Enquirer: 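Can you read through this structure? Questions will come right after.
Residue numbers begin at 1 in each chain, while the letters A, B, ... track the order of the sequences. In this text the structure is predicted, and so the values were computed from the model without any measurement.
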Amino acid sequence: MLKSLFPNKILSLTNAKINVLVAFLIAVLIIGLLYSLIISPADYIQGDSVRIMYVHVPASFIALVCFGLIGVASICNLVFKIKFMPLLAKSLAPIGCTFTLISIVTGSLWGKPTWGTWWVWDARLTSMLVLLIFYITYILTWKVIDNFEKANKISSIIGILGSFNLPVIKYSVDWWNTLHQPSSITLTSMPTIHHTMLIPLVIMFLGMIMYSVIIFLIRYKTEVIKLKINKKKNFK
Amino acid sequence: MNLEFFILGGYGQFVWPAFVFSFVSCTVLFIKAKKELKIQEKVYLTEYAEPLTIKIETAGEKKIIKKVLSGNTI
Amino acid sequence: MFSKKVRSRIFFLVTLFVISIAIIFVIFRSLEENVVYFFSPTEIYNKTDVSYDQKIRIGGLVKENSVIKESSSINFIITDLKKEIIVSYKGLVPNLFSEGKGVVAEGKLRDKKYFVADKILAKHDENYMPPEVSKALENSNN
């Protein structure tokens, strides 16, 4: 599995293959949107505002997973100096950053009609904002620092430090009193979402994961080519 | 089309922006990623005039040969 | 198992790990009061250093049959099923505000039993279902 991520393998990913994946993605998204906007019912308390959940929850989930992967890649990178680890992490960062932003904006749009406020400084929302800041600093270190080795080291440390924030985000709703409600979907018990609402949620989950994979592949290929160009430059 | 679909029981003004914002930001990221890939591919092809795909094949073959030659160490 | 270089890096990372855990622990210990978004009525009751000039938030359930609406103000009781606090508020409440549901009020305490709010936030739970299902559930419970 890991072998297919080796830099040379990714180059065999042609535009035609990407287009096939995108076609699949569009199909899944259309079904997902039909379900989440039309077919699924309104909530018994929240009414139609519950539909925001179908983008908010998957986006937040991917935002967390992306940073988790960046954290793992950073550790592998610092300890074992595997050459393509920084490329992996670097390709993941903009995806996670975008989804964190989506999560915060949609959450805010959901909060106004349900809680009665756009934003509160409770533990969940604040820790999510911290995640966004970590993403931005991570991306900026790569942009600002020209020296690859130096940028690599600093960004890896940011990746590891930011990972400490992940359990805080996940469990903030259990550890402290927050305005944000606890998780509806957990590994240990049945989801507290009715199945008619779980269907669109699962489809949107699938769609967003597919989207992330596609962006990741495109960005990873870009990074590998960039590295090859740099190597050639240094040879001359 | 009925109007209720857009009003969504008064929540339309929150639901629609949420979906539109997500869609727009995802599209922007996709277009940016595609553009960047195109630029880098072009740079590689024009400056170093080595088609990427052929290079991989040779690299792949070499690897296989190497593996065959040093088969017992793996 | 690992080379010396790798071992020294692991050592460096573990040190970084321990130090950051220690720092985070200290930060959260000192922030504890601020991290808590709201206090429950019981916590207010047990608190020894209640301040009456500072803005605080209290949260809990809106007690059933306790909401009294007047033209521009609203009075209700926040309960955590052990202790209760009477809340009075001037202004509009969010759509989701209703009896038996979660609520967070921001404002100042007059005394331990009376709270004047200048902001009301509705807190909803993690259960999602269509109205028909909720009705069916209610019927089967009765």
Enquirer: Specify the closest pair of heavy atoms between C/Pro130 and A/Thr196, including all atoms of both residues, with the distance to one decimal.
Expert: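 Nearest pair, atom of C/Pro130 first, then A/Thr196: CG-OG1, 3.5 Å.
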Enquirer: Between A/Val173 and chain C, with a heavy-atom cut-off of 4.5 Å, which part of the residue counts as in contact: side chain, backbone, both or neither?
Expert: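 Neither; nothing under 4.5 Å.
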Enquirer: Which heavy atom in C/Asn127 sits nearest to a heavy atom in A/Tyr44, and how many Å separate them?
Expert: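 Heavy atoms only, the tightest pair is O-CE2, 4.0 Å.
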Enquirer: How many angstroms lie between atom CG of A/Leu179 and atom CZ of C/Phe38, to the nearest 0.5 angstrom?
Expert: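 The CZ atom of C/Phe38 is 7.5 Å from CG of A/Leu179, to the nearest 0.5 Å.
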Enquirer: Does any non-hydrogen side-chain atom of C/Leu96 lie less than 4.5 Å from one of A/Trp115?
Expert: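 Side chain of A/Trp115 against side chain of C/Leu96, heavy atoms only: no contact under 4.5 Å found.
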Enquirer: Heavy-atom pairs under 4.5 Å with chain A are the metric here; pick the option from C/Lys119, C/Lys123, C/Lys101 that has the most.
Expert: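 Most pairs with chain A among the choices: C/Lys123.
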Enquirer: Can you confirm whether more than 12 heavy atoms, excluding those of C/Tyr45, are under 6.0 Å from its OH atom?
Expert: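 Result for OH/C/Tyr45: open.
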Enquirer: Can you confirm whether A/Ile39 is buried at CD1, in the sense that more than 12 heavy atoms of other residues, nucleotides or ligands lie under 6.0 Å from that atom?
Expert: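 More than 12 within 6.0 Å, yes.
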Enquirer: Is it true that atom NZ of C/Lys113 has more than 12 heavy atoms of other residues, nucleotides or ligands lying nearer than 6.0 Å?
Expert: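 Buried by this count: over 12 neighbours within 6.0 Å.
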Enquirer: Just so I understand: if I count every heavy-atom pair under 4.5 Å between each of C/Val104, C/Ile120, C/Asp125 and chain A, which residue has the most?
Expert: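 Top count of heavy-atom pairs under 4.5 Å with chain A: C/Asp125.
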Enquirer: Checking heavy atoms, do the side chain of C/Val6, its backbone, both or neither come under 4.5 Å from chain A?
Expert: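 Both the backbone and the side chain of C/Val6 come within 4.5 Å of chain A.
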Enquirer: Within a reach of under 6.0 Å around OH of A/Tyr35, are more than 12 heavy atoms found that belong to other residues, nucleotides or ligands?
Expert: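 Atom OH in A/Tyr35 is not packed in, count stays at 12 or less.
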Enquirer: Quick one: CG on A/Leu78 to CD1 on C/Ile10, what's the gap to the nearest 0.5 Å?
Expert: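 That separation rounds to 11.5 Å.
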Enquirer: When you compare the side chain of A/Thr114 with that of C/Asn95, does any pair of heavy atoms fall below 4.5 Å?
Expert: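 No. Closest side-chain heavy atoms not under 4.5 Å.
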Enquirer: Between A/Ser183 and chain C, with a heavy-atom cut-off of 4.5 Å, which part of the residue counts as in contact: side chain, backbone, both or neither?
Expert: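 It is the backbone, since no side chain atom gets that close.
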Enquirer: What part of A/Leu198 lies closer than 4.5 angstrom to a heavy atom of chain C: side chain, backbone, both or neither?
Expert: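 No part of A/Leu198 comes within 4.5 Å of chain C.
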Enquirer: Could you pull out the closest heavy-atom pair between C/Tyr128 and A/Met197, with the gap in Å?
Expert: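 Minimum heavy-atom separation between C/Tyr128 and A/Met197: C-SD, 3.7 Å.
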Enquirer: If you tally heavy-atom pairs under 4.5 Å against chain C, which of A/Ile157, A/Val120, A/Val168 wins?
Expert: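 It is A/Val120.
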Enquirer: When rounded to the nearest 0.5 angstrom, what distance separates NE2 in C/His124 from CH2 in A/Trp110?
Expert: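 So the gap between those two atoms works out to 5.0 Å.
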Enquirer: Measure distances from A/Val50 to the heavy atoms of chain C and classify the residue's part below 4.5 Å as side chain, backbone, both or neither.
Expert: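 For A/Val50, the contact with chain C is made by the side chain alone.
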Enquirer: Does a sphere of radius 6.0 Å around OH in C/Tyr114 hold more than 12 heavy atoms from other residues, nucleotides or ligands, not counting ones at 6.0 Å or beyond?
Expert: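 It does: C/Tyr114 OH has more than 12 such atoms within range.
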Enquirer: Checking A/His180 against chain C: side chain, backbone, both or neither under 4.5 Å from a heavy atom?
Expert: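 Backbone only.
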Enquirer: Could you state the interatomic distance from CG (A/Asp43) to OG (C/Ser134), rounded to the nearest 0.5 Å?
Expert: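 Here the rounded value is 8.5 Å.
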Enquirer: Please state whether the side chain, the backbone, both or neither of A/Lys81 comes within less than 4.5 Å of a heavy atom of chain C.
Expert: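 Both the backbone and the side chain of A/Lys81 come within 4.5 Å of chain C.
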Enquirer: For C/Lys112, does the NZ atom sit with more than 12 other heavy atoms under 6.0 Å from it, leaving out its own atoms?
Expert: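 Buried by this count: over 12 neighbours within 6.0 Å.
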Enquirer: Hey, is OH on A/Tyr171 packed in by over 12 heavy atoms from elsewhere, all under 6.0 Å?
Expert: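 12 or below, so no.
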Enquirer: Please rank A/Gly111, A/Gly116, A/Pro191, A/Pro182 by heavy-atom pairs under 4.5 Å with chain C and give me the top one.
Expert: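 Winner by heavy-atom pair count: A/Pro182.
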Enquirer: Looking only at heavy atoms and a cut-off of under 4.5 Å, which of C/Pro94, C/Pro131, C/Ser8 has the most pairs with chain A?
Expert: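 That would be C/Pro131.
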